[in-house]
Amino acid sequence: MGTHNYNFTEQFEFTGKAKTLSIVAIVIGLASIGYGFSDHGLHERTFANLLLMAYYFACVCMSGAFFLAVQFVAQAGWSASILRVPQAMAKVLPIAVVILIAIIGAGLYTHNLYHHWNAPGLTDPTDPNYDKLIDGKSAFLNVPFFLARQVIFLGVYCFFALLLSKLSTNEDLEGGLTSYNKSFKYSCIFLVIYGFTTPIFAFDTVMSLEAHWFSTMFGWYNFAAMWVSSLATMAVIIILLRKAGYMQWVNNSHLHNLGQFIFGFSIFWTYVWFAQFMLIYYANMPEETVYFYKRFEFYKFWFYLNLVMNFLAPVLLLMDRDNKRHENILLGVSIVVLCGHWVDYYQMIMPGTVEEHNGFGIIEIGTAIGFVGLFTFTVLSALSKSPLIAKNHPLLEESLNHQL
């Protein structure tokens, strides 16, 4: 294609140190989870950490599929040469979904998760534990309907994620525009479904942990978090692949685009976060302020660290044009953002599960390491199954010549 000297059959080899470290990380994670479950007093905290990391894992993979769909619908050319990375993330989504649903189901069964609305007697007027507010929400917050929504929403995301990945593989084999046109059509459908259902998915999975409280902005707040986390993940993978000698067609302009996205959506995340916080703080209504009261009282350090890592760091470090184009700076900021959104999810989930009995130790660190290892192992395994470039993408030439 053109006069480029790139190897369009180049494939990633998932061997050596990367594979070994990912397996070691998984073992560390399993050991940490085992430690948590070995002490009855730590069961709830262990479940909370499992939910945090399983939700994070699923959200990053979901957003990989979302990235693919956005690029197809926008008919974007700049990203044509990097699509195999979000495709690998999308291919792993079914694994992430199975893990998340299993953790949610086990948490519901043992009452270690969602006990604010799933505890016995809350919807029985004759029971001393009767809660009128929870009873009023019981048509929506009941176990069968709750699990059905999880399975349907996540199942639909998996279907489109695998479909878009399969169409790209077909494009490699057959050429032409048939697969690309189908990808455009299915992406349009997926984006509409995704836009309407991800807020509900966030309401169910995270907001219902504190079922007395609600915010109509919460879904978009979560969407911003999962989207910017996915962009940061893509940046990390692409930069590390480049450093390992792969994907040499990726230039500083591609990194610049990813940096712009991370910069812009970090500001969007902050906008939604502050809009939610400011309205609740200013109105000062007890049924709403209880959410932030818990975080000010028991999670003040995490509350402010969240803003530093997810707003100040990316905005100040990526404001400069040259920083977006410098792979080491972009790599460092992306890692900070990924750690920052762990903090974000931590202060979303912990107050509604363990409340003031939170901690930060072996369970938190080990579970996070385990899921990072699992993500690395599954995504890099998926990435190694096909060439690192979609050689028959109709806009590939534009991407190979991309300059900003």
Side-chain angles (χ1 to χ4, degrees), residues 33 46-69 86-87 89-119 122-123 134 137-166 186-187 189-211 214 218-223 225-227 229-230 345 348-349 352-353 367 371 374-375 378-379 382:
I33 294 164
T46 306
F47 263 107
N49 278 281
L50 285 170
L51 177 65
L52 189 164
M53 288 310 302
Y55 181 69
Y56 202 166
F57 184 14
C59 285
V60 167
C61 294
M62 281 162 46
S63 297
F66 177 74
F67 181 90
L68 293 174
Q87 278 174 17
M89 292 156 60
K91 287 178 182 177
V92 171
L93 181 57
I95 297 171
V97 164
V98 169
I99 293 170
L100 177 60
I101 290 176
I103 290 168
I104 289 172
L108 285 167
Y109 180 76
T110 60
H111 298 289
N112 282 298
L113 297 173
Y114 306 105
H115 47 71
H116 281 224
W117 57 266
N118 189 41
L122 292 176
T123 57
I134 299 301
K137 297 182 178 184
S138 61
F140 187 80
L141 285 179
N142 61 79
V143 172
F145 191 29
F146 179 87
L147 287 176
R149 288 193 302 274
Q150 292 282 340
V151 170
I152 292 169
F153 292 168
L154 292 170
V156 169
Y157 302 159
C158 287
F159 171 78
F160 281 102
L162 295 177
L163 178 62
L164 293 177
S165 299
K166 183 181 178 184
Y186 290 124
S187 293
I189 297 168
F190 174 54
L191 289 182
V192 173
I193 296 170
Y194 192 84
F196 278 106
T197 57
T198 43
I200 304 171
F201 170 66
F203 293 157
D204 281 344
T205 313
V206 180
M207 196 172 77
S208 74
L209 291 166
E210 298 170 82
F214 72 92
F218 194 83
W220 301 114
Y221 166 44
N222 271 256
F223 166 78
M226 65 178 76
W227 176 228
S229 300
S230 185
Y345 290 134
M348 276 191 221
I349 289 171
T353 49
T367 305
F371 271 90
L374 179 62
F375 177 84
T378 52
V379 170

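Note on residues 102-116: no pairs pass salt bridge (charged side-chain N to carboxylate O under 4.0 Å, His left out), not counting sequence neighbours. Residue pairs meeting the salt bridge (charged side-chain N to carboxylate O under 4.0 Å, His left out) criterion with at least one partner in residues 145-160, sequence neighbours excluded, are Arg149-Asp204. The list of salt bridge (charged side-chain N to carboxylate O under 4.0 Å, His left out) pairs with a residue in residues 99-118, not counting sequence neighbours, is empty.
With sequence neighbours left out, Ser229 forms a side chain to side chain donor-acceptor pair (under 3.5 Å) with no residue at all. Here Glu210 pairs with Lys294, Arg295 under the side chain to side chain donor-acceptor pair (under 3.5 Å) rule; sequence neighbours left out. Shown here are the side chain to side chain donor-acceptor pair (under 3.5 Å) partners of Tyr55, two or more places apart in sequence or in another chain: Asn222.
Within 6.0 Å of CZ on Phe214 lie no more than 12 heavy atoms contributed by other residues, nucleotides or ligands. In Lys137, the NZ atom is crowded: over 12 heavy atoms of neighbouring residues, nucleotides or ligands sit closer than 6.0 Å.
No side-chain N or O of Thr198 forms a donor-acceptor pair with one of Tyr157 less than 3.5 Å apart.
In summary, the aromatic rings of Tyr345 and Tyr56 are positioned with their centroids under 6.0 Å apart. Checked against the 6.0 Å centroid threshold, Phe160 and Tyr194 do not count as a close aromatic pair.
The only option from Phe203, Phe146, Phe140 that meets the side chain to side chain contact (heavy atoms under 4.5 Å, CB included) definition with Ser208 turns out to be Phe146.
Using modelled atom types, one side-chain atom of Tyr114 and one backbone atom of Thr205 make a donor-acceptor pair closer than 3.5 Å. Side-chain atoms of Asn112 never come within 3.5 Å of backbone atoms of Phe47 as a donor-acceptor pair (strictly under, hydrogens ignored). Judged by distance alone, the side chain of Ser230 and the main-chain N or O of Met226 form no donor-acceptor pair under 3.5 Å. For the pair Asn142 (side chain) and Ala139 (backbone), a donor-acceptor distance under 3.5 Å is present.
Minimum interatomic distance between Ala161 and Ala65 (heavy atoms only, all atoms of both residues): CB-CB, 3.7 Å. The heavy-atom pair separating Leu164 from Ser187 by the smallest distance is CD2-OG, 3.5 Å. Residue Ser165 comes nearest to Ala90 through the heavy atom pair OG-CB, 4.1 Å, listed as atom of the first residue, atom of the second, then distance. Taking both residues in full, the closest heavy atoms of Leu154 and Met62 are given as CD2-SD, 4.1 Å, listed atom of the first, atom of the second, then distance. Closest of all the heavy-atom pairs between Ala202 and Phe218 is O-CE2, 3.9 Å.
A parallel orientation is assigned to the rings of Phe223 and Trp227, their planes being inclined by less than 30° (bins at 30° and 60°).
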